[in-house]
Enquirer: 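Okay, here's the structure, questions in a sec.
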Amino acid sequence: MVVTFHVSDDEQGRWAVLQVSGELDLVTSPVLRQRVHDVVADGRHRLVLDLSEVRFCDSSGVGVLIAARRLLRSCRGDLRLILPAQGAVEGSHVNRVLGALGVRRLFEVHPDLPAAVDEESRPLPA
């Protein structure tokens, strides 16, 4: 079985956007970690990680998300996650993993890209 993992880069106003798809695990998480570091090294400190197409996330993926949050906070930046609106409420895989590990409350989660880049948008409840 071939597992695909892809990260694409975009910008929405003042926000850098990394759209992640596939499985975020021990093999693929270093790719995302490097892309987050590249965004920050480019001087962009407002980052949206679109995880709506992530089918699986293990503890190494969660570690990358926590490290990204820490990195952006150290730069006085912001990190927002996108989980599908219905998935965030009913429990997408990433949301369930974050909740099970007790770290979901650390992240601002939005249902879609327009909400994530809207300065007036309120995050979904943890």
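Nothing fancy with the numbering, it's 1 onward along the sequence. Keep in mind that the numbers below use all heavy atoms, side chains included, and drop hydrogens, waters and symmetry copies.
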Enquirer: Quick one: do Leu101 and Leu51 end up in the same hydrophobic cluster if we chain Ile, Leu, Val, Met, Phe, Trp and Tyr together by side-chain heavy atoms under 4.5 Å apart?
Expert: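 Yes, Leu101 and Leu51 fall within the same hydrophobic cluster.
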
Enquirer: Measure the shortest side-chain to side-chain distance between Asp25 and Cys57 over non-hydrogen atoms and say whether it is less than 4.5 angstrom.
Expert: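 They are not in side-chain contact.
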
Enquirer: Quick check: closest heavy atoms across Val48 and Trp15, and the distance to 0.1 Å?
Expert: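 Heavy atoms only, the tightest pair is CG2-CE3, 3.6 Å.
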
Enquirer: With a 4.5 Å limit on heavy-atom distance, are the side chains of Leu98 and Leu81 in contact?
Expert: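 Yes, at least one pair of side-chain atoms sits under 4.5 Å.
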
Enquirer: Kindly say whether Leu79 contributes a backbone atom to a donor-acceptor pair with the side chain of Arg46 at under 3.5 angstrom?
Expert: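 No, because the side chain of Arg46 does not come within donor-acceptor range (under 3.5 Å) of the backbone of Leu79.
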
Enquirer: Restricting to non-hydrogen atoms, name the atom on Arg104 and the atom on Leu124 that form the minimum distance, rounded to 0.1 Å.
Expert: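 Reported closest heavy-atom pair: NH2-O, 3.6 Å.
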
Enquirer: Test your reading of the model: is there a side-chain donor-acceptor pair from Asp58 to the backbone of Gly61, 3.5 Å cut-off?
Expert: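 Such a contact is found between Asp58 side chain and Gly61 backbone.
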
Enquirer: Between Arg69 and Leu106, is there a side-chain heavy-atom distance shorter than 4.5 Å?
Expert: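 The answer is yes, as the side chains (C-beta and beyond) meet within the 4.5 Å cut-off.
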
Enquirer: Taking all non-hydrogen atoms of both residues, which atom of Val117 and which atom of Gln12 are closest, and how far apart?
Expert: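 That closest heavy-atom pairing would be CG1-CB, 3.7 Å.
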
Enquirer: Can you find a heavy atom in the side chain of Leu47 that is under 4.5 Å from one in the side chain of Asp78?
Expert: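 When only atoms from C-beta onward are counted, Asp78 and Leu47 do not touch, as no gap falls below 4.5 Å.
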
Enquirer: Can you tell me if Arg80 uses its side chain to pair, donor with acceptor, with the backbone of His110 under 3.5 Å?
Expert: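 No, the answer is negative, given that no donor and acceptor are paired below the 3.5 Å cut-off.
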
Enquirer: Is there a side-chain contact between His45 and Val40 (heavy atoms, below 4.5 Å)?
Expert: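 Contact flag for His45/Val40 side chains = yes.
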
Enquirer: Would Val20 and Glu53 satisfy side chain to side chain contact (heavy atoms under 4.5 Å, CB included), going step by step from the backbone distance to the final call?
Expert: CA-CA 6 Å; Val20 185; Glu53 297 295 322; over 6 Å; no

Enquirer: Using only atom types and a distance under 3.5 Å, with no angle test, would you say the side chain of Arg44 pairs donor to acceptor with the backbone of Ala16?
Expert: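 No; zero donor-acceptor contacts below 3.5 Å.
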
Enquirer: Measuring from atom CG of Leu26 to atom OG of Ser60, what distance do you get when rounded to the nearest 0.5 angstrom?
Expert: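 The OG atom of Ser60 is 5.0 Å from CG of Leu26, to the nearest 0.5 Å.
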
Enquirer: So which of Val7, Leu32, Val64, Val54 actually passes side-chain contact (heavy atoms from CB on, under 4.5 Å) with Leu49?
Expert: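 That would be Leu32.
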
Enquirer: With a 4.5 Å heavy-atom cut-off, do Val62 and Ile66 have their side chains touching?
Expert: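 Yes. Closest side-chain heavy atoms under 4.5 Å.
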
Enquirer: Answer whether the closest heavy-atom distance between the side chains of Phe56 and Val94 falls below 4.5 Å.
Expert: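 Of all side-chain heavy-atom pairs linking Val94 with Phe56, none is under 4.5 Å.
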
Enquirer: Does Asp118 offer a backbone N or O that forms a donor-acceptor pair with the side chain of Ser121 under 3.5 Å?
Expert: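 Judged by distance alone, no pair lies under 3.5 Å.
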
Enquirer: Just wondering, do Val39 and Leu18 contact through their side chains at under 4.5 Å, heavy atoms?
Expert: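 Yes, their side chains come closer than 4.5 Å.
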
Enquirer: Could you state the interatomic distance from CZ (Arg33) to CG (Asp38), rounded to the nearest 0.5 Å?
Expert: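 Those atoms lie 13.0 Å apart.
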
